[in-house]
Amino acid sequence: MLPGMRMLFDASSSVDVEEFQVIANDMLANYPFITAAMYLPYIMDGERDYFEKSKHEEGYPTFSINALRGGAYVPAERRPHYFPIVYFEPFTPLTSRQLGLDLFGEPHLQRHLQHAIDSAASTAAMAAQSGHVDEYLLFKVVYAGQPKPAADVVGERRKLVSGIVAIQVDTRQ
């Protein structure tokens with residue numbers, strides 16, 4: 001599933017929310033073990049303010065790159081880069097709170113995301129927020145609009161990453 005989602009981004013210079021919804025909702029409808037699908041663009045700190053403002057103009061007036069601390073969403077501390085959730089399916093009032101959540105800023109996920117970037121392989125991590133040991137997040141790096149990096153050059157992969165696609169899987173399904 002992840003390579004298919006990644007190809008959507010590789011095939012287009014810009015994937016909008018409607019295009020993401022089509023592929024994600026088809027996946028959710030046909031594979032009951034997939035409980036969520038997400039896209040996280042790579043945002044450098046120098047782009048953060050412009051990125052947040054552009055999300056406000058797109059109709060998300062309270063959007064910010066945030067972190068989950070003590071059960072509350074708070075603005076993420078400044079860092080060199082972020083991977084915030086910008087597309088999330090199924091999109092409901094409850095899941096909409098996750099928009100802007102910087103998964104790279106979550107300590108239990110950071111090393112898994114970095115491994116996905118450095119290895120160019122799909123990577124799995126336990127979905128700590130779900131509270132179920134049978135739920136996992138799977139990540140795959142996107143190089144949309146970029147040449148594919150060499151298989152053995154970590155620095156090149158880090159430089160060319162444009163985002164990450166993710167799915168949440170419930171192995172009890």
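We number each residue from 1, following the sequence as shown.
Annotation: the span from Leu68 atom CG to Leu103 atom CG amounts to 10.5 Å, rounded to 0.5 Å. Here the CG atom belonging to Asp102 is positioned 9.0 Å from the CD1 atom belonging to Ile85, to the nearest 0.5 angstrom. Atom CG of Asp49 sits about 11.0 Å away from atom OG of Ser54, to the nearest 0.5 Å. Rounding to the nearest 0.5 angstrom, the gap separating the OG1 atom in Thr92 from the CD atom in Gln98 is 9.0 Å. To the nearest 0.5 Å, atoms CD1 (Ile34) and CG (Leu28) are separated by 7.0 Å.
Between the side chain of Glu89 and the backbone N or O of Asn25, no donor-acceptor pair lies under 3.5 Å. The closest donor-acceptor contact from the side chain of Asp26 to the backbone of Val22 lies at 3.5 Å or more, if one exists at all. Between the side chain of His112 and the main chain of Ala124, a donor-acceptor pair closer than 3.5 Å is present. Of the possible donor and acceptor atoms, none in the side chain of Thr123 sits under 3.5 Å from a partner among the backbone N and O of Phe139. Remark: the backbone N or O of Asp16 is paired with a side-chain donor or acceptor of Glu19 at under 3.5 angstrom. A donor-acceptor pair under 3.5 Å is formed between the side chain of His56 and the backbone N or O of Phe63.
Inter-residue side-chain proximity for Val15 and Tyr39 is flagged as unmet; no heavy-atom pair is nearer than 4.5 Å. When side chains are defined from C-beta on, Val161 does not count as touching Val142, because their heavy atoms never get closer than 4.5 Å. Using a 4.5 Å heavy-atom threshold, the side chains of Met126 and His108 count as separate. Contact of the Leu113 side chain with the Ile164 side chain is registered, since non-hydrogen atoms from C-beta on lie closer than 4.5 Å. In this structure the side chain of Pro41 never reaches within 4.5 angstrom of the side chain of Tyr82, judged on heavy atoms.
Nearest approach of Tyr73 to Leu101, heavy atoms of both residues: CE2-CD1, 4.1 Å. Among all heavy-atom pairs drawn from Thr95 and Pro90, the shortest one is OG1-O, 2.8 Å. Residues Leu99 and Asn66 approach most closely at O-ND2, 3.6 Å, considering heavy atoms. Across all non-hydrogen atoms, the minimal contact from Arg48 to Glu77 is NH1-O, 3.7 Å. Closest approach of Arg157 and Ala120 over heavy atoms only: CD-CB, 3.4 Å. Across every non-hydrogen atom of Val141 and Ala116, the tightest pair is CG2-O, 3.2 Å.
Defined by atom type and a distance below 3.5 Å, a donor-acceptor pair is present between the side-chain atoms of Gln114 and Asp118.
Cluster annotation: Ile43 is not connected to Val74 through the hydrophobic network of ILVMFWY side chains, with a link wherever side-chain heavy atoms come within less than 4.5 Å. A chain of hydrophobic side-chain contacts below 4.5 Å, direct or via other Ile, Leu, Val, Met, Phe, Trp or Tyr residues, connects Tyr31 to Tyr87. At a threshold of 4.5 Å between side-chain heavy atoms, the hydrophobic network of Ile, Leu, Val, Met, Phe, Trp and Tyr places Phe33 and Met5 in one connected group.
For Phe20 and Phe88, the ring centers are positioned 6.0 Å apart or more.
With respect to the salt-bridge test (charged N to carboxylate O, under 4.0 angstrom), the residues Arg69 and Glu106 qualify. Between Lys55 and Glu52 no salt bridge is recorded (no basic side-chain N to carboxylate O distance below 4.0 Å).
With sequence neighbours excluded, the residues that form a ring-ring contact (aromatic ring centres under 6.0 Å, His included) with Tyr42 are His81, Phe83.
The number of heavy-atom neighbours closer than 6.0 Å to CZ of Arg79, taken from other residues, nucleotides and ligands shown, is above 12.
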Trace of the side chain to side chain contact (heavy atoms under 4.5 Å, CB included) decision for Thr171 with Glu135: CA-CA 6 Å; Thr171 60; Glu135 291 187 9; over 6 Å; no
Side chain to side chain contact (heavy atoms under 4.5 Å, CB included) evaluation trace for Val86 with Phe51: CA-CA 11 Å; Val86 294; Phe51 178 75; 3.4 Å; yes
Stepwise side chain to side chain contact (heavy atoms under 4.5 Å, CB included) check, Leu109 with Leu137: CA-CA 9 Å; Leu109 296 177; Leu137 291 170; 4.1 Å; yes
